[in-house]
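Below: the structure, in structure tokens.
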Amino acid sequence: VLFAGAWLFAAYIFSAPLFNAEKKHETAGMAEETEIAAFDETQTPASVPPKFARNKMKKAFGQVPDTSYYELGRLQVQKVDGQFVYIAPVEFSGFFKWWNADSTPGYFTMSATDASANPKFIKAEMIYTPSSYFNKNIERHMRLQNPEAVFYGDSQLEVDDSGKPFYIRTYGDFISGRNGFDAKGIVAVDPASGKTEAYTLKDIPAFMDGAVSPESVSLENSYYGNYVHGFWNSKLPSDEGTEANVSPIFDAEGEMYYFTDFTSPKEGVDSMLGYSLTNARTGESTYFTGDMEDSYMDSQGNLQIIEKQFIEKQWSGEMPVLYNFYGEASWLTPVLDSNGFLQNYFIVS
């Protein structure tokens, strides 16, 4: 009897993922299409790599008053007043610095399309921040103001077209325990006053680009790759993205999407099986299979080609994104040296 019970328990453990596949399929469902008209050679994608932008902001940190109290916070890309820019808040560098200063002085902004542009420090006093403590900590403040909300992903800074900053965080529901997350809206906080507003996804202010957290999109990609086309036909989402394994990009209309390519879980295979785009405001996702008669290289294969091209200089690629150049699907990849400075761009068919 004990042996039979142990056998049944083991059978349940190993078969549970298969029995739950239908529920997980519903969690990660995406519309599917074959191809997309992405950026072409006449348009300017947000192509400055975040590592390079962050390095330039650090070099410009002398613009910050009382520099020793602070450090550079989380970097992200967004559209502000029609321009694609990187935004990074100035954060406290520790508990005693927060205790003495009480507020941070502002944030940095830098062009995401022009690598020659210099970062600018924007003054904007913020009291409720991720690096503040106790009830001034932004995520604690959000939870206290919205005790029943379920959050997923980190808080992030969004700036309106006049330059005023807001911290936002995605809320929603877990599906089937903690197997998936369905984003419903955001909580937004004015970091100067602490004023808090909750918005459903359909009602979020127009200036907010990343209402759906990249962490929740990455989770959806994982479930889609593993369960939507069956357990034995799984796909592996890449981990080459710049934010939680996904890369924010903008379409020709200036709408932000999270990009992820998928490859085979088999070792030694660098063929791309498809890629997903998730609207960062609505959470709607589309999976593009491409023309399966052609074999597309995945992002990792693209990075390996670049690494071999510059093996003596020890340069490497970062932030590969699939674009349409001269009528052909190609990887656009910034190339950085060992110190994280941009050297050139590489286009790989």
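Numbering of residues begins at 1 and proceeds along the displayed sequence.
- In this structure, the ring of Phe250 has its center less than 6.0 angstrom from the ring center of Phe84.
- With respect to Ser131, the side-chain hydrogen bond (donor to acceptor under 3.5 Å, both in side chains) criterion is satisfied by exactly one of Lys97, Glu91, Lys136, Glu71: Glu91.
- Defined by atom type and a distance below 3.5 Å, a donor-acceptor pair is present between the side-chain atoms of Thr200 and Asp203.
- Side-chain atoms of Ser276 and Phe288, non-hydrogen and from C-beta on, never get closer than 4.5 Å to each other.
- Side-chain contact between Leu336 and Glu318: present, with at least one pair of heavy atoms (C-beta onward) separated by less than 4.5 Å.
- Checked against a 6.0 Å centroid threshold, the rings of Trp98 and Phe134 count as neighbours.
- Every pair passing side-chain hydrogen bond (donor to acceptor under 3.5 Å, both in side chains) that includes a residue from residues 101-125 is listed here, sequence neighbours excluded: Ser103-Glu125, Ser111-Thr113, Asp114-Ser116.
- For residues 194-221, the ring pair (Phe, Tyr, Trp, His ring centres under 6.0 Å) pairs, not counting sequence neighbours, are Phe166-Phe207.
- Neither side chain, Asn279 nor Glu284, offers a donor N or O lying under 3.5 Å from an acceptor on the other.
- Between Tyr224 and Tyr287, the gap from one ring centroid to the other is short of 6.0 Å.
- Hydrophobic clustering of Ile, Leu, Val, Met, Phe, Trp and Tyr side chains at less than 4.5 Å, counting indirect connections, keeps Val77 apart from Val159.
- When ring centroids are compared, Tyr133 and Phe95 come within the 6.0 Å threshold.
- Scanning both residues, Phe121 and Pro65, for their nearest heavy atoms gives CE2-CD, 3.9 Å.
- You'll find the ring centres of Phe310 and Phe346 inside the 6.0 Å limit.
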